[in-house]
Amino acid sequence: MMRFNVMKYLYVFAALSFLSSCGVYSFTGVTIPAEAETFSVQYFRVNAPLADPNYGQLLTEGLKDLILQQSRLDLTKTEGDLQFDGYVKEYRVNTSAATGEETASLNRLTISIVVTYENVFNEEDNFEQTFTRFVDFNANEEFDSIEEGLIEEINDQLLQDIFDKSLGNW
């Protein structure tokens with residue numbers, strides 16, 4: 001009886017190991033073609049007038065770090081098996097909510113980026129898509145003093161959206 005249980009667990013372990021190593025599925029939810037070994041991320045250009053010119057570098061490095069942490073892929077400068085490119089399309093602050101005295105109580109930072117993704121092994125996975133995220137903040141706060149934290153919050157969401165769309169197979 002005990003031998004049967006041990007064999008059953010060995011079969012389950014072998015099946016799960018096969019699934020995670022064949023490139024079809026991984027336990028982190030990442031779906032990467034088995035033959036893919038590298039990825040490349042081109043510099044995200046800043047085409048939004050209000051955005052800090054260094055913001056593109058922040059996005060570019062953030063995406064590289066996320067993919068390195070959550071996949072088995074190696075980074076290459078150009079022409080990776082999976083390729084990312086894009087630009088900052090929108091970076092704006094506007095009123096989100098007003099008080100009874102017709103003054104702003106909440107403002108909103110909105111960032112939109114256009115991402116082009118190319119999978120050299122499967123053209124059906126390729127896309128060009130706009131990703132948009134925002135965060136509201138108290139209108140009484142000085143934007144310059146909280147901008148960095150707001151950007152970090154939005155970037156976490158934007159980068160995860162890009163990762164999920166390209167490698168998470170969402």
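Because the structure is a prediction, the values reported are computed rather than measured. In this chain, numbering begins with 1 at the start of the sequence shown.
Environment of CD in Glu123: sparse, with no more than 12 heavy atoms of neighbouring residues, nucleotides or ligands closer than 6.0 Å.
Listed by chain and residue number, nothing satisfies the salt bridge (charged side-chain N to carboxylate O under 4.0 Å, His left out) test with Asp74 (two or more places apart in sequence, or in another chain). Checked against side chain to side chain donor-acceptor pair (under 3.5 Å), Gln129 has no partners two or more places apart in sequence or in another chain. Partners of Thr116 according to the side chain to side chain donor-acceptor pair (under 3.5 Å) rule, which considers only residues two or more places apart in sequence or in another chain, are Glu128. Considering only residues two or more places apart in sequence or on other chains, Leu50 meets the side chain to side chain contact (heavy atoms under 4.5 Å, CB included) condition with Tyr91. Every side chain to side chain contact (heavy atoms under 4.5 Å, CB included) that Glu118 has, sequence neighbours left out, goes to Gln83, Val120, Asn126. With sequence neighbours left out, Thr76 forms a side chain to side chain donor-acceptor pair (under 3.5 Å) with no residue at all.
Listed for the Ser40 side chain is no donor-acceptor partner under 3.5 Å among the backbone atoms of Thr78.
Residue pairs meeting the ring-ring contact (aromatic ring centres under 6.0 Å, His included) criterion with at least one partner in residues 106-127, sequence neighbours excluded, are Phe84-Tyr117, Tyr117-Phe127. Legend: ring-ring contact (aromatic ring centres under 6.0 Å, His included) pairs involving residues 134-158, not counting sequence neighbours, sorted by first then second residue: Phe137-Phe143. The salt bridge (Lys or Arg N to Asp or Glu O under 4.0 Å) pairs that include a residue from residues 141-154 number zero, where partners must be two or more places apart or lie in different chains. Sorted by first and then second residue, the salt bridge (Lys or Arg N to Asp or Glu O under 4.0 Å) pairs with a member in residues 36-52 read Arg45-Asp85; sequence neighbours excluded.
Lys89 places none of its side-chain heavy atoms less than 4.5 Å from the side chain of Asn47.
The line from CD1 of Ile151 to CD1 of Ile111 is 5.5 Å long, rounded to the nearest 0.5 Å.
Within the hydrophobic cluster formed by Ile, Leu, Val, Met, Phe, Trp and Tyr side chains joined at under 4.5 Å, directly or through other members, Tyr87 is accompanied by Val114.
Nearest heavy-atom pair, Leu73 versus Leu68, reported as atom, atom and distance to 0.1 Å: O-CD2, 3.7 Å.
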Contacts under 3.5 angstrom, residues 54-67 side chains, donor-acceptor by atom type, not counting sequence neighbours:
unit_1	atom_1	unit_2	atom_2	d
Tyr55	OH	Asn155	OD1	2.5
Gln57	NE2	Glu61	OE2	3.0
Thr60	OG1	Phe44	N	2.9
Thr60	OG1	Gly56	O	2.7
Glu61	OE2	Lys64	NZ	3.3

